[in-house]
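Since the structure comes first, as structure tokens, the remarks are kept for the end.
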Amino acid sequence: MTQRNGTGGTSDGCLHAEASEAFQSGNGMARVQAPDDGDCEEEEERRGGENRDDLSAAVMAADAAPDGGWGWVVLVATILVLALTLAFPSCVGIFYTDLQNEFHASNSETSWVPSIMTSVLHAGGPFCSVLVERLGCRATVMLGGVLSGLGMAASSFTTSIMELYITAGVITGLGFCFSFQPAVTILGHYFVRRRAFANAMSSTGTALGLCFLPFLGNYLHSEFGWRGSFLILGAVLLNCCVCGAVMRPLQPQKHRGQPLMNHGTPNEAQQRKDTSCLRTAWRWLLASLSKHMALDQFCNNPRYCVYAIGITWMMLGFVVPLIYLVPYATTNGMDHGRAALLLSILGIVNIVVRPGFGVIFSMPWFKGRHIYVFSAALLVNGLSNSICSVGPGFSVLIVYVIIYGLSMSVVGSLMFTVLMDIVEMSRFPSALGLLAIMESITLLIGPPLAGILVDRTGQYFHVFFTCSAVVASAALFLIISFYWLDKKERASRSQQGTNPPLPDPPGPAACRYSSVPTEVDRDKASAKGADFITSL
């Protein structure tokens, strides 16, 4: 029986004994010792170079994913980064009314501030991928902290809503992107077996931000006004630099970019010299798009295509309720402090339940079923928005934020886990970059469309009802599409069952979203006819 881990490495016989030593280092780096067992030595002599290739794969797997050690420090840093980035645009609602009065702007004009911030946060994915390749995750996260801090500090000196679009929207949003995406990427390299748990724990950062930032924003608003609050919040965002400093790379400096890029050969360089400048630029553009935007995955991987379309449609109404919850409550006579408390309750619910969900979703039964749990939670999340249509009372809105928070916890815990299940980890940065680009379009137009709806009707509850329909339809699309893909795959396997066994039989149905087998896996399967046991 041959066992394959989440990084694609294999282990059997004496290789398992050798590779297990690679995980004993205290800081998570690999350390290989030769076994003393005579049987292992005979096995090594018999198989020769094949064992050494397998050992190299196991050592690289140990280097790439220690599943502990310094990874726990990286996990804590990722939690803080997500608290300061993903949750921040939702808390701009604290200053929503002040921005309207200061710049004499309508609901749609004011809503462009968090909309641009959130959209740029996701649209900067390809640029972030290039920076990760050139600078590494650590330097990119620190650069994002500097940009977001400067953007918020500059926002406190703006004199028009257009200037606020640039400082708080573009500059701060780009800084959030440079901090958020590399943090998630490096966490995926540090954890494989515990990836679902690590992603669920890191997603508590968003909940932590939703719990902490409204209290902080409300206090700063009452003491210093919106301009002083933006200046102080800019200083708070500089803490992303501290979080990035502890995200040390797993590989030595000279190997930092190799897992994420394919270096050209001397022959390719010579061909580029022989071609015209226009053709060279065209080829470079195609190579860059393939590397940093995963267009090949979108065209050739139906699961990634469906997931990207579903998430893009979901984002049209997923974050809008968080932006309009406080204005909806305060417009209907609720005290500003109690309205901010609703967001804090939402964050507390997420903080309490997400660690438990992380442990549950790490159980073997959920492997291969993450997408269905994710879609079911997304359906509940969408339908929960209709609760706000009942009325703006404090008790009604508390029920809403509790149900919304529980479903949001599952969605946030599994969003990156599902993506890591669908694509190979080496393609995750580019796949996330393309998904972020697609999300940015709906994230950009969602809040302004909601603002136009409020300006036309004069009522906020229409926004929540519309968001309910949008998010619920996205969940149904994901459930139906993935069920159809699974049914098609089962039918294909049943047809292949009448033919002679293939060298690389597909894994169990419950594990089909796991990593793709490596060449070593295929060779060993052909020689021994073994089944692959996939795991995260």
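Nothing here was measured: the structure is a model prediction, and the numbers come from that model.
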How long is the straight-line distance from [atom2] of [Y] back to [atom1] of [X], given to the nearest 0.5 Å?
X    : Y    : atom1 : atom2 : answer
I402 : I398 : CD1   : CD1   : 6.5 Å
M408 : L346 : CE    : CG    : 5.5 Å
T466 : F461 : OG1   : CZ    : 10.0 Å
F215 : I94  : CZ    : CD1   : 10.0 Å
S384 : L379 : OG    : CG    : 10.0 Å
L443 : L121 : CG    : CG    : 8.5 Å

Note to self: Taking CZ in F394 as the centre, count heavy atoms belonging to other residues, nucleotides or ligands within less than 6.0 Å. Is the count above 12?
What the structure shows: yes

Mind listing the closest non-hydrogen atom pair of [X] and [Y] along with its distance?
X    : Y    : result
V320 : G446 : CG2-C, 3.9 Å
V396 : I387 : CG1-O, 3.8 Å
S409 : V353 : OG-CG2, 3.1 Å
V132 : C137 : CG1-SG, 3.9 Å
A339 : V326 : O-CG2, 3.8 Å
T140 : P182 : CG2-CG, 3.6 Å

Under the side-chain hydrogen bond (donor to acceptor under 3.5 Å, both in side chains) definition, can you give me all pairs with a residue in [range], not counting sequence neighbours?
range            : result
residues 149-161 : S155-T167, T159-E163
residues 231-245 : none
residues 431-449 : H122-E439

Item checked: Check against side-chain contact (heavy atoms from CB on, under 4.5 Å), V141 and I186 -> CA-CA 11 Å; V141 172; I186 196 171; over 6 Å; no

[X] side chain to [Y] main-chain N or O, any donor-acceptor pair under 3.5 Å?
X    : Y    : result
S481 : F477 : yes
S229 : H221 : yes
S468 : F464 : no
N301 : I422 : yes

Item checked: Selection residues 225-245 - residue pairs positive for ring-ring contact (aromatic ring centres under 6.0 Å, His included), sequence neighbours left out -> F95-F230, F103-W226, W226-F230

Residues two or more places apart in sequence or in another chain: which of them pass ring-ring contact (aromatic ring centres under 6.0 Å, His included) with [X]?
X    : answer
F180 : F416
Y400 : Y404
F212 : none

Below 4.5 Å, heavy atoms only, C-beta onward: do [X] and [Y] meet side chain to side chain?
X    : Y    : result
P321 : V463 : no
I161 : V113 : yes
Y304 : L434 : yes
C240 : F176 : no
T172 : L147 : no
P327 : T97  : no
N381 : F318 : yes
M334 : L342 : yes

Note to self: Restricting to side chain to side chain contact (heavy atoms under 4.5 Å, CB included), what partner residues turn up for S375, sequence neighbours left out?
What the structure shows: I371, L478, I479

Check: Partners of A153 by side chain to side chain contact (heavy atoms under 4.5 Å, CB included), sequence neighbours excluded?
Finding: L231

Item checked: salt bridge (charged side-chain N to carboxylate O under 4.0 Å, His left out) contacts touching residues 225-245 (sequence neighbours left out) -> E102-R227

Checklist line | Check against side-chain contact (heavy atoms from CB on, under 4.5 Å), V471 and W313 | finding: CA-CA 8 Å; V471 177; W313 177 249; over 6 Å; no

For residues 305-312, dump all side-chain donor-acceptor pairs below 3.5 Å to protein atoms at least two apart in sequence or in another chain.
unit_1, atom_1, unit_2, atom_2, d
Y307, OH, M415, O, 2.7
T312, OG1, A308, O, 2.6

Margin query: Parallel, tilted or perpendicular: which one describes the rings of Y460 and Y324, with boundaries at 30° and 60°?
Written below: tilted

Note to self: Walk me through whether C128 and F178 qualify under side-chain contact (heavy atoms from CB on, under 4.5 Å).
What the structure shows: CA-CA 6 Å; C128 184; F178 291 168; 3.9 Å; yes

Next item on the list: Evaluate the side-chain contact (heavy atoms from CB on, under 4.5 Å) criterion for residues L383 and I403: first the C-alpha distance (whole Å), next the side-chain angles of each, then the deciding distance (0.1 Å), finally the verdict.
Entry: CA-CA 10 Å; L383 296 177; I403 299 177; over 6 Å; no

Note to self: For the aromatic rings, using the six-membered ring if either is Trp, is the centroid distance between W72 and F191 under 6.0 Å?
What the structure shows: yes

Let me have the donor-acceptor pairs involving side chains of residues 76-89, under 3.5 Å, with sequence neighbours excluded, atom names and distances please.
unit_1, atom_1, unit_2, atom_2, d
T78, OG1, V74, O, 2.8
T85, OG1, V81, O, 2.7

